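Note sheet for the following structure.
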Amino acid sequence: MAERFKIAIVGSGPGGLSAAARAAERGESHVLLEAEPHLSNTIFRYQKGKFVMDEPGILPLRAPVPFKAGSREAILDGWDEAAKRLKINVRHKHEVSAIKQASGGGFELKCGNGQTITADFVVMGIGLQGNIRKLGCPGEDLPCVQYQLDDPDEYSGETIVVVGAGDAAIENAVALARQNNVVIVNRKDEFARAKKGNEQAILKAIEDGRIECYYNSAPERVDALSVGRKKGRMILNTANGKAQILIDRVIARLGATAPRAFVEGCGVTFPSKDPAAVPAISAQYESNVKGLYIVGALGGYPLIKQAMNQGYEVIEYILGHKVEPADEPLLKARFAKMPGFRTVDEALARIQKNVRLLAAITPLQLREFMLDSDIRTPKPGETIFSRNDYTNTFFSIVEGEVQVVVDEAANKRIALRRGEFFGEMSLISGRRRSATVLAGANCVLIETPRRSMNRLIASVEAIKRAIDEVFILRVLQSRFAPEASADQLADVVAAARLERFKAGDVLFNEGEVGDCLHLVRVGSLTISRNIGGKDVVLSYVPAGNYVGEMALMGESRRSATARAAIASETVRLDGESFKKLVNRIPVLRLRLQSEYRQRTAANLAMQALPSGGDVISFLLAQGAGEATDILLIDESLCVRCDNCEKACAETHGGTSRLDREAGPTFASVHVPTSCRHCEHPHCMKDCPPDAIHRAPNGEVFIADNCIGCGNCERNCPYGVIHMAYKPPKKPGLIQWLLLGRGSGPGEAPYDSHEHAAGEIKKAVKCDMCKDLSGGPACVRSCPTGAAIRISPEEFPAYAQSRR
Amino acid sequence: MHDSILTYARSRYLWIASALSAASLIAYNLYDPGGPPNGGTWLGYTLGTIGALLIVWLMLFGMRKRRYGSHTGTLRGWLSAHIYLGTSLILIVLLHAGFQFGWNIHTFAFVLMLFVIFSGFFGVYVYLRYPNLMTRNRESATRDAMLDEVAEIDQNALALADGIDPKIHAIVLRSIQNTRLGGGVWTQLRAHDGSDIALDSLHAAMAERDKRADMKTTEMPTMFAMVDFLAGRATDKQGEAMRALIDLISRKKGLATKVARDIQYQAMMEIWLYIHVPLSFALLAALIAHIVSSFFYW
């Protein structure tokens with residue numbers, strides 16, 4: 001007979017633990033099921049001594065379990081103590097393998113150890129880390145097999161087999177190889193999944209013989225040995241048959257299994273196929289399965305404190321109590337500016353009623369959305385953003401109207417009214433604002449930051465579709481025919497499609513018959529021609545521009561090849577309907593023709609250069625295609641004085657964000673290791689406290705609320721972010737000169753390795769000296785003019801200047 | 001876009017310096033002091049003041065260079081102006097002095113100034129020439145990468161030598177210990193790493209062996225020992241390892257030469273400042289002495 005509880009909580013992470021603690025406090029019948037022999041496995045697996053932050057700081061904690069920023073150990077100890085004190089009914093080693101709705105109501109939870117538990121309600125707090133993927137062969141649970149490595153320096157003189165080909169496996173293998181005999185086992189024949197730096201490191205280590213590698217191999221068995229010097233033996237299935245290795249230790253870094261399959265197996269549905277999508281849940285955290293609640297990262301709330309608050313609230317909801325959500329006072333403050341504000345619920349309802357775009361999202365998503373967003377009530381005539389600003393927030397109009405300045409010279413404006421939205425172009429393309437927007441009368445706007453908007457777009461299909469449709473219409477209007485009405489463009493819009501290309505994909509080839517035109521929406525393209533058997537790059541097409549009109553304008557064949565310089569998205573406009581549009585709007589034809597003439601002239605000029613396109617090709621090969629601003633050094637001018645690095649360090653609290661010497665060189669053009677301020681910054685992708693922002697002039701910078709997690713450092717493909725302690729403050733010039741205190745101007749700090757206890761390393765990167773009035777210090781302090789910063793749009797002109 | 005310090009802003013400062021020089025020349029030719037032209041005349045004072053201010057301003061370059069957050073123009077503009085206006089100083093000071101020289105503090109200051117300016121000319125020369133040489137020499141590698149490779153080759157060579165003969169091992173080890181890159185000023189400037197000996201031309205070395213036996217260079221013993229070994233007692237397999245070893249060592253030689261040259265270029269781009277800057281301070285002192293003595297000991 002299965003044990004029966006009122007509430008079963010799956011997973012003892014912050015959310016689950018807090019829920020169990022609240023249930024215990026309330027004296028409810030409950031059980032906390034945890035697969036591991038300890039609580040909160042994700043945090044348990046953090047590296048020893050890791051400093052855990054308690055973002056968002058403004059949110060109050062309302063769990064019966066303590067939590068404040070501190071070391072991993074302090075937090076885990078606090079939780080263990082609270083679990084004992086509150087007498088939480090925790091069952092370790094109970095890995096839940098299936099949750100089914102029982103016939104007589106409630107749920108039946110099957111555990112991996114054969115036990116079955118029934119409960120009226122289930123709270124799922126399993127996070128997104130899922131379960132660590134094991135070796136999947138006999139012996140995977142032997143003591144000599146481990147799935148994590150805290151400190152590689154703990155081991156020396158051992159024979160260690162590292163299984164896996166990802167970053168974790170490579171980092172472990174390379175670190176262990178310093179003191180141990182390391183063998184790495186790779187299922188595939190290459191390390192393509194890893195970051196470039198790691199891939200190079202492992203290949204070099206293998207080539208040098210420091211690490212032995214078995215490619216195309218999989219573990220078959222691990223045996224413990226009781227005799228001999230080695231603890232165990234591992235049998236591998238290799239391409240050439242079986243291999244046996246005597247081992248001290250196996251470290252498997254095979255990632256974690258995504259919990260999606262398991263969650264879907266419980267009957268919970270996901271709103272989209274996007275891997276980033278999370279299940280839709282109600283304001284009470286209930287999923288589409290009645291009685292099954294989801295808290296924490298799995299529900300889309302990755303921060304520890306949020307999850308803990310949800311754990312508390314979910315128990316209250318299950319018990320039928322009404323809780324004012326923890327964010328209620330925050331939302332109240334947000335809405336206070338809104339004219340006619342009475343209650344939060346009423347304001348939320350008003351927003352959903354007025355803004356069609358937001359009508360489809362769940363109340364919980366809306367709360368979250370509003371917590372991230374700002375309510376703005378600009379005065380009539382106030383500028384909301386200006387053309388060519390680099391901001392990328394998204395605006396929805398709750399009340400009133402705004403004026404979009406379509407044509408500055410002619411003072412032509414379009415009004416957008418209640419319910420409409422704007423700012424989507426920069427959000428999607430990552431480029432500058434395409435028009436100035438001014439506030440109209442009684443204007444109430446919601447301004448949403450890029451990250452929250454992107455998260456919403458990724459999880460709600462309807463929002464993505466609505467935004468895409470409007471995007472296509474507006475981009476047609478702004479790029480081709482500001483005078484055309486939506487009706488006139490309807491045909492073209494209906495025939496337009498969004499297409500995606502990987503870096504290097506061909507949109508169309510030289511000589512093909514052209515039947516369409518591509519408007520670049522995300523990313524950028526190169527235009528090249530095959531001249532004398534060699535691909536010669538003629539121009540670079542950034543987002544917001546179009547290609548392929550030449551073939552539609554007269555010549556029927558493509559005069560050049562268009563290729564995606566980086567991962568790109570285009571709006572493909574159908575040739576027939578576009579031709580009709582051109583015929584209907586004569587001024588459009590003239591406009592296209594004049595642009596066509598300019599381009600042909602520019603292409604001819606490039607073609608005439610002996611190796612003009614080579615520099616562009618080189619730069620694009622360095623990933624410069626996704627840059628908005630890149631530092632280039634002319635090595636024929638650079639006197640290697642490192643004044644650029646010194647200036648960077650001096651103007652940024654002592655740490656240089658630029659490595660002049662590192663980086664590739666072609667024809668004296670050197671691309672140093674320095675931030676390029678990408679259109680869609682890779683570093684922004686996964687920043688837990690959302691500390692990375694883009695300033696109005698395009699600078700991507702890291703704010704002070706960085707928690708030092710290192711995600712951005714790992715995500716940056718160009719290696720321009722690193723983690724550093726704040727160096728000690730430098731003395732003034734006089735103090736240094738006369739008293740010899742500290743280091744002088746341009747000198748590195750003497751004791752850069754010393755730092756205050758409790759201080760953490762934070763991410764540092766180039767901010768293009770956004771706070772200096774003169775512009776980037778590296779460029780301004782170069783004595784010979786070798787350092788310049790340019791944007792990809794300037795590449796053709798730059799290539800021509802270097803003939 | 002990229003352009004050199006000489007052509008910065010369409011050589012704006014060349015024109016300014018030329019205009020200043022031309023104006024001084026014209027004034028010098030038009031003005032009749034009623035005696036031999038010298039620093040004590042109305043024009044002499046004017047030119048002297050201009051010259052002294054220029055010297056002070058030129059020396060402020062060192063401060064501007066270290067004011068990393070400064071927004072008074074770019075450092076490149078400052079350097080361009082520094083070069084052209086510094087050059088025009090020669091003419092202005094000559095006119096100021098009315099071409100009078102003597103064994104006194106005044107001429108001493110003038111000579112110091114010329115040393116400073118001409119060391120600056122040398123600086124301009126190396127700034128224009130050496131970056132290209134350095135880029136070409138490096139072939140896209142960084143110095144650290146080259147040094148790493150040298151260290152790696154050393155390790156491999158040792159391992160290889162170990163398998164041949166203890167004596168060879170000892171010789172290779174000694175040769176590694178004797179390889180020195182960088183060092184004192186003179187070593188850096190000479191780009192010396194023993195690369196005057198061509199390891200790959202074994203026969204030539206053998207022929208020359210007797211002639212140069214008394215020369216004490218770091219690499220000679222290694223090579224001759226190996227030549228001896230090759231010619232004499234080596235078995236086939238050892239001979240093969242020997243050849244591999246020689247290949248390795250010649251590769252290392254090439255790299256070491258490159259690194260030494262890289263260091264040399266860098267040293268050339270820095271060394272002149274050790275003359276230019278101290279002398280300019282000496283000049284400043286001499287200038288003050290010149291001014292004070294001019295006024296007090298009229």
Side-chain angles (χ1 to χ4, degrees), chain A residues 204 207-209 632-652 659-670 673 733 744-747 769 771-788 790 794 797-802, chain B residues 1-9 61-80 82-83 123-124 126-146 148-149 152 155-156 159 262-263 265-270 272-273:
Chain A
K204 176 107 174 66
E207 196 184 294
D208 294 351
L632 298 180
I633 291 180
D634 185 342
E635 288 212 324
S636 62
L637 296 177
C638 173
V639 296
R640 277 79 166 173
C641 62
D642 278 337
N643 218 36
C644 43
E645 283 189 22
K646 287 176 196 160
C648 186
E650 289 286 323
T651 49
H652 293 90
D659 186 343
R660 176 190 59 78
E661 202 184 4
T665 307
F666 172 80
S668 285
V669 179
H670 177 63
T673 302
L733 187 70
E747 289 176 359
C769 296
D771 301 325
L772 285 184
S773 55
C778 49
V779 172
R780 301 173 53 76
S781 63
C782 176
T784 59
I788 57 168
I790 62 173
E794 296 168 276
Y798 179 67
Q800 285 181 15
S801 78
R802 296 195 61 84
Chain B
M1 302 289 159
H2 282 133
D3 55 353
S4 92
I5 30 177
L6 297 184
T7 53
Y8 169 75
F61 179 81
M63 271 176 83
R64 169 61 183 83
K65 187 179 155 188
R66 288 165 182 82
R67 285 253 164 87
Y68 299 101
S70 166
H71 39 78
T72 48
T74 60
L75 194 58
R76 171 160 68 137
W78 271 72
L79 183 57
S80 186
H82 185 86
I83 292 168
V124 173
V126 293
Y127 271 24
L128 293 182
R129 179 169 160 74
Y130 279 69
N132 261 331
L133 291 178
M134 204 166 179
T135 309
R136 223 175 297 152
N137 178 50
R138 273 194 190 181
E139 290 170 353
S140 287
T142 63
R143 189 186 297 166
D144 283 342
M146 290 194 278
D148 284 352
E149 203 178 337
E152 203 183 311
Q155 284 307 315
N156 293 349
D262 193 59
I263 293 172
Y265 292 148
Q266 178 115 37
M268 287 297 268
M269 284 196 282
E270 285 167 9
W272 66 277
L273 277 169

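What you are looking at is a predicted structure, and each value in this text was computed from that prediction instead of being measured. Proteins come first, then strands; the chains are lettered A, B, ... in the order of their sequence lines, and each starts at number 1.
Distance NE2/A/H670 to CG/A/L637: 13.5 Å, rounded to 0.5 Å. The distance from atom OG of B/S70 to atom CZ of B/R64, rounded to the nearest 0.5 Å, is 3.5 Å. Atom OH in A/Y798 sits 6.0 Å away from atom CD1 in A/I790 (nearest 0.5 Å). Rounding to the nearest 0.5 Å gives a distance of 9.5 Å between CD of A/E661 and SG of A/C638.
Taking B/R138, B/E139, B/R66, B/M134 one by one and counting their heavy-atom pairs under 4.5 Å with chain A, the maximum is reached by B/M134. When each of A/S773, A/A777, A/A797 is checked for heavy-atom pairs under 4.5 Å with chain B, A/S773 comes out on top. Taking chain B as the reference chain and counting heavy-atom pairs below 4.5 Å, the highest number among A/I633, A/N643, A/V779 is found for A/N643. When the candidates B/L128, B/D144, B/L79 are compared by the number of heavy-atom contacts under 4.5 Å with chain A, B/L79 comes out ahead. The residue among A/L632, A/T665, A/V639 with the most heavy atom pairs within less than 4.5 Å of chain B is A/V639.
For the pair B/T135 (side chain) and B/P131 (backbone), a donor-acceptor distance under 3.5 Å is present. Not a single donor-acceptor pair under 3.5 Å links the side chain of A/D659 to the backbone N or O of A/T673. Within the 3.5 Å criterion, the main-chain N or O of A/E635 finds a donor-acceptor partner in the side chain of A/R640.
Proximity of A/H652 to A/C769: side-chain heavy atoms (C-beta onward) are separated by under 4.5 Å at one or more points.
For B/Y130, no part lies near chain A; criterion is any non-hydrogen pair under 4.5 Å. For B/T72, the part lying near chain A is the backbone, with the side chain staying farther off; criterion is any non-hydrogen pair under 4.5 Å. For chain B, no part of A/A649 is nearby; none of its heavy atoms comes within less than 4.5 Å. Contact of B/N156 with chain A is not made at all, since no heavy-atom distance falls under 4.5 Å. Contact annotation for A/P783: both backbone and side-chain heavy atoms come within less than 4.5 Å of a heavy atom of chain B. At a 4.5 Å heavy-atom cutoff, B/R136 makes no contact with chain A through either its backbone or its side chain. For a residue to count as touching a neighbouring chain, one of its non-hydrogen atoms must lie under 4.5 Å from one of that chain's; by this rule B/R143 touches chain A with backbone and side chain alike. Using a 4.5 Å cut-off between heavy atoms, B/E152 touches chain A through its side chain atoms alone. If you measure heavy-atom distances from A/L772 to chain B, the contacts under 4.5 Å come from the side chain alone.
The closest side-chain donor-acceptor pair between A/R660 and B/T142, if any, does not fall under 3.5 angstrom.
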